[in-house]
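Have a look at the structure below, then the notes.
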Amino acid sequence: MRLLRRHYGPLKLAMVGVVFVIFVFIMHKDVGSGSKDDPWLKNIVERKDQVLDMMMGAVNNIRDSMPKLQINAPMQQEEPEQKVNSCLPGYYTPAELKSFMERPPQDPNSPGADGKAFKKDKWTPEETKRKDDGFTKHCFNAYASDQISLHRSLGPDSRPPECIEQKFKRCPPLPTTSVIIVFHNEAWSTLLRTVYSVLHTSPAILLKEVILVDDASVDDFEHIGSYDDQMEIWGGENVEMSFRVWQCGGQLEIIPCSVVGHVFRTKSPHTFPKGTQVITRNQVRLAEVWMDNYKEIYYRRNQQAAKMVRERNYGDISPRLKLKEDLKCKNFSWYLQNIYPEMFIPDLSPTYYGAIKNEGSQSCLDVGESNHGGKPLIMYPCHGMGGNQYFEYSTQKELRHNIGKQLCLISKYGPGQVELKECQYKGKGTSVPGNEEWEFTKERLLKNIGSNLCLTSRGEHPSTIECNPGDIHQRWGFS
Ligand SMILES: *[C@@H]1O[C@H](CO)[C@@H](O)[C@H](O)[C@H]1NC(C)=O
């Protein structure tokens, strides 16, 4: 079940959103200030990288350009909440948080009961046809879904213990919630089971409404810009929405204790006639509208995007810029400072960047296949595509390979291989250790400050050796 989807677009196609997340749009007035200090939340926030990694891994194909999402909401702004004096002290009891609807008892042998897989040995021709039709239309076994109870329980509670055990103070009262489920061409049984699941699991006193939207006609959603209607199919619209909601005064929260299922389909119901161009184009649109100068950080890492920008080949963004102005949205520096202050921001203008070409071998320094640190580097024909050959010579004199993670080229003390390691410099309060600091000399040697040795392309792998300005295998240049 997708919780959000594109609105217009030529093909009216659905998007795949963040699957483990319930998106809740909460305008400031609805946000309670209650539970910020709760230890369970702190605990989860501390583990958020783990949680997020799991989420990110499952979600998307734009991992590298996707920012990690925010968990802790910013401090309440403006209008101090009126003190509510009518609530009782102590914590809500389970009885008070009783769900809207209780699950009826289930036959443990019924199809899919308690989260078991749907199994069926004998199929009549009629049933087989219905199954095949389901696959054709929905790309999953809609016939199986139709056989499973709408009240299906998933068996034992799969949430982490600290989620199950958490308690909520009665004062100030928890805010009520509207659950908005946006759908398109959805199989009815999965959609309805989602609705029942909300009714079976949400405390009745907190559930204001369940809104099912086909065609995104909710007024508030239109007001805050719904979807960028010139983005195609999917890719980037979830990030666009996140930036937009935060920058324009809303909040988009991840509820780590919320568990949402996702039906993976046998194939994408969408075709990408223009290949990855579509995703890049969407990302360029969002970068152009929301990221100000920081968009350059992305363009340096994505040649296809940079080319698209040079050729102004990403469509008209003026309606989005107007929306940004009409809603008086804040800029991207504000977003980084206030919403995601813990993020390390790569140099806006690194001293040098691109591929590092060796004069002797006429090849480029390359991190090799899936090198997330620890493996030796290689010399490889220069391909000009960035990727494994992308480096930045930072203003702190590090050699950063920072397409996804912030990895630094380190030299071990004593002659030997060089390798990538997570950069020690992470902004304020940290510094660059000598073995991560490289002087780019007048003779174009890359001299490591810690070991006093120079980078050479000789040997099986790039390594460090006594500096010799006469050796062309020690001479490098950014291109
Ligand atoms: C971004 O907005 C802040 C106020 O929130 C302002 O101080 C700053 O100058 C703005 N930056 C740019 C680059 O416009």
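Whatever order the structure lists ligands and atoms in, that order sets their numbers, starting from 1.
- For atom 9 (O) of ligand 1, no protein heavy-atom neighbour is present inside the 4.0 Å cut-off.
- Protein heavy atom at the shortest distance from atom 5 (O) of ligand 1 is Trp334 CD1, 3.9 Å.
- Within 6.0 Å of atom CD in Glu209, more than 12 heavy atoms from other residues, nucleotides or ligands are found, so the atom counts as buried in its surroundings.
- No salt bridge links Glu443 with Arg475; every basic N to acidic carboxylate O contact stays at or beyond 4.0 Å.
- For the ring pair (Phe, Tyr, Trp, His ring centres under 6.0 Å) criterion with Phe332, the lone passing option out of Trp246, Tyr340, Phe243 is Phe243.
- In summary, the atoms of ligand 1 found under 4.0 Å from a heavy atom of Asn331, numbered by their order in the structure, are 1 (C), 2 (O), 3 (C), 8 (C), 10 (C), 11 (N), 12 (C), 14 (O).
- With hydrogens and angles ignored, the 3.5 Å screen pairs no side-chain donor or acceptor of Arg285 with any backbone N or O of Arg281.
- Remark: atom 2 (O) of ligand 1 lies closer than 4.0 Å to at least one protein heavy atom.
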